[in-house]
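Residue numbers count from 1 along this sequence. For the numbers below, each heavy atom of this structure counts, side chains included, while hydrogens, waters and symmetry mates do not.
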Amino acid sequence: MLTRGNAAVERLVQGMALHEALGVTDPEAWLELDAEVRTVRTNAPVSRPRDHARVPALALCHRDGRVREAALEQVADAPDLLPLLVVRTADWAGPVRARARQLLPPLLAGAEPADLVPVTALALRLARRDRGGFAPEALASFLRTARPAVLESLLAAPDRRTRRFAFGVAVERGLLPANRLALAAAADDDTVVQNLCAEAALALDPTGDDVIVPLLRSRYPAARSAGVTALRRAGRHGEARPYLTDRSGQVRACARYVLRQGGIEPHPLYRALCADPADHGVPGWAPLGLAECGESADAGLLWPLTTHPMPSVRARAVAGLRLLGRSDVERLRPLLDDPTPAVARETADALLPWADRLPEDWLQRRLTARRSATHTRRAAFRLLRARGGIAELRAAVTLLDDSDPSLRALAGSAIRQWEPPVEGHHDPAELDALLNRCTHLFSEYVLLRLRWRAGLTGRPPADGESGRVRELGAPEQGAAVRHANSTAPPRRSGVRAIIRAWVRRTNA
């Protein structure tokens, strides 16, 4: 199989430049190249090792430690080989490792800022290896004294570990102003960077708009929650009110805390927002916020909101009722047919503990109705799976022919994981028919074992046979059970041979 490392090796042998042969911005590409060069292939040309030794990049990864050590001297004249020098600082051969560690610090000092981006990402990956701690320490030591401009390319690197590392050094050195840190916290998609920069920005300027406003406007909950919490120190408690209905539970909790610190109780504010079920302006997350700080009596405000014209309000009202422990099975059942997926999903979550109280035929009809939406069928299937036993198998077999490929895949997965009921009344003929409809999901051995565990004393029909179940004699059945329960089952071909012999004896 042609791997990325293998392809890069072939290109380098053919004379292609390193930056064209390899994805140099991806640290894993360097490690794959290093591993590929040392791979011994039985069908490789005889000249291949000599070809590797002629190419500097491949010589740095050569299987012979003397070749690798000699190739280290070429890195000073070829900056694009610097990542491979970093790899050699974790080399298993002591002389190679020692020489690479001698060369790395001065070469880092002379490297261009843009060249440090792949080097840093690679060094941070190597830190997880034995002997891999030298390169990150050398980088940190260099960056602590380097010009501030050197860090700029690292702060914008696509690799999140590199950004974490660079922002950590920049904060440690105090190179970034509070506003720059706040903007970084608000814009970066990595939670570690968000928290690091937000804390550093608020430590420098805890009350200024240049810090608080960017945090409050961020799309990321960690940054918004830091901005909301900062309102308390700034004495601007009332400005936290709009965040009572934020889409993030973390931000809503911070808003309630800030308001309480300012002497404002959030519970009445939530009740006022949810008081009128006909109000189209009810914030979508207000019902869930009410449940988070409310009490059981607040369910009286949430039930009318389950019919609100806005789908987001209906969904959060159902979620709030579940949080308050006030789910009513009969009142929630109609919401399983809601045209909005979020409402059906929340309804299934609320009904899940009482799945065995729901009529199975009512749920089964939602799997087969022509007009049932995909999300309704999915929600009904979740509840039928929660019932377990033959009800789960019936539902899964029904969905094997569903028009939606994701539901078909979900049904197949459920059947493979299905456990026969230990106790309970079920029709063996129905169970046999259901299992016969999903034979394509199992190997012969697994299906045979599943049928025995389900209490069926016959075998599944083979291709071209009728569905008639042939009964087994007691001696053959006991031998088969012992075979199926073996802790070391034979190979598939052996199982087929046993089954064929068994069929001949049965039909004799």
Side-chain angles (χ1 to χ4, degrees), residues 212-213 215-219 221 224-225 227-232 234-354 375-376 379:
I212 294 178
V213 171
L215 294 176
L216 292 176
R217 292 177 178 174
S218 173
R219 59 179 295 203
R224 287 201 308 280
S225 61
V228 170
T229 305
L231 293 173
R232 180 190 66 84
R236 298 154 56 179
H237 303 81
E239 294 181 33
R241 289 184 64 165
Y243 298 93
L244 287 175
T245 55
D246 192 272
R247 64 183 180 273
S248 165
Q250 179 184 1
V251 177
R252 293 195 299 272
C254 290
R256 291 193 291 268
Y257 164 75
V258 171
L259 288 173
R260 289 191 182 107
Q261 293 296 303
I264 305 171
E265 180 56 42
H267 186 219
L269 300 178
Y270 278 121
R271 289 186 61 88
L273 290 172
C274 301
D276 185 4
D279 181 9
H280 285 234
V282 176
W285 292 89
L288 187 54
L290 174 60
E292 288 169 342
C293 68
E295 52 195 21
S296 296
D298 293 318
L301 291 176
L302 295 182
W303 277 115
L305 294 178
T306 59
T307 59
H308 193 275
M310 297 299 294
S312 59
V313 176
R314 295 198 302 274
R316 310 315 161 203
V318 174
L321 289 167
R322 176 171 58 87
L323 191 61
L324 291 174
R326 296 299 300 272
S327 299
D328 186 317
V329 174
E330 293 305 317
R331 293 178 73 176
L332 286 174
R333 274 176 57 180
L335 293 173
L336 205 66
D337 297 318
D338 194 279
T340 303
V343 180
R345 185 168 56 248
E346 292 290 354
T347 302
D349 286 342
L351 291 175
L352 210 56
W354 294 278
H375 61 265
T376 299

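Side-chain atoms of Ser248 come within 3.5 Å of backbone N or O of Gln250 as a donor-acceptor pair. For Arg345 (side chain) and Ala379 (main-chain N/O), no donor-acceptor pair under 3.5 Å exists by modelled atom type. Side-chain atoms of Ser218 never come within 3.5 Å of backbone atoms of Leu215 as a donor-acceptor pair (strictly under, hydrogens ignored). With hydrogens and angles ignored, the 3.5 Å screen pairs a side-chain donor or acceptor of Arg326 with a backbone N or O of Ser296. For the pair His308 (side chain) and Asp279 (backbone), a donor-acceptor distance under 3.5 Å is present. Between the side chain of Tyr270 and the backbone N or O of Leu244 there is at least one donor-acceptor pair closer than 3.5 Å.
Atom-to-atom distance recorded for Ser312:OG and Arg247:CZ is 13.0 Å, nearest 0.5 angstrom. Interatomic distance, Leu323 CG to Glu292 CD, rounded to the nearest 0.5 Å: 6.5 Å. Glu295 contributes atom CD, which lies 9.0 Å from atom CG of Leu290 (distance to the nearest 0.5 angstrom). Between atom CZ of residue Arg314 and atom CG of residue Leu335 there is a gap of 8.0 Å, rounded to the nearest 0.5 Å. Rounding to the nearest 0.5 Å places CZ of Arg260 at 14.5 Å from CZ of Arg232.
Contact record, Leu321 with Ala299: CD2-CB, 3.8 Å, taken as the closest heavy-atom pair. Between Pro311 and Val343, the shortest heavy-atom contact is O-CG2, 3.6 Å. Contact record, Thr229 with Ser225: OG1-O, 2.8 Å, taken as the closest heavy-atom pair. For the pair Leu332 and Ala350, the tightest heavy-atom approach, listed with the atom from each and the gap, is CD1-CB, 3.8 Å. Summarising the geometry of Ile264 relative to Gly238, their closest heavy-atom pair is CD1-CA, 4.5 Å, with the distance given to 0.1 Å. In plain terms, the two heavy atoms of Gln261 and His237 that are nearest each other are C-CD2, 3.8 Å.
For the pair Arg316 and Trp285, the cation-pi criterion (under 6.0 Å, within 45° of the ring axis) is fulfilled.
Proximity of Glu239 to Ile212: side-chain heavy atoms (C-beta onward) are nowhere separated by under 4.5 Å. In this structure the side chain of Ser327 never reaches within 4.5 angstrom of the side chain of Leu351, judged on heavy atoms. Contact check for Leu216 versus Val228: side-chain heavy atoms found under the 4.5 Å cut-off. Residues Val282 and Asp276 form no side-chain contact, since every pair of their non-hydrogen atoms from C-beta on lies 4.5 Å or further apart. Contact check for Arg252 versus Leu288: side-chain heavy atoms found under the 4.5 Å cut-off. Between Thr347 and Asp338, every side-chain heavy-atom pair lies at or beyond the 4.5 Å cut-off.
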> Can you check side chain to side chain contact (heavy atoms under 4.5 Å, CB included) on Trp303 and Asp328, steps first, answer last?
Replying inline: CA-CA 10 Å; Trp303 277 115; Asp328 186 317; 3.6 Å; yes
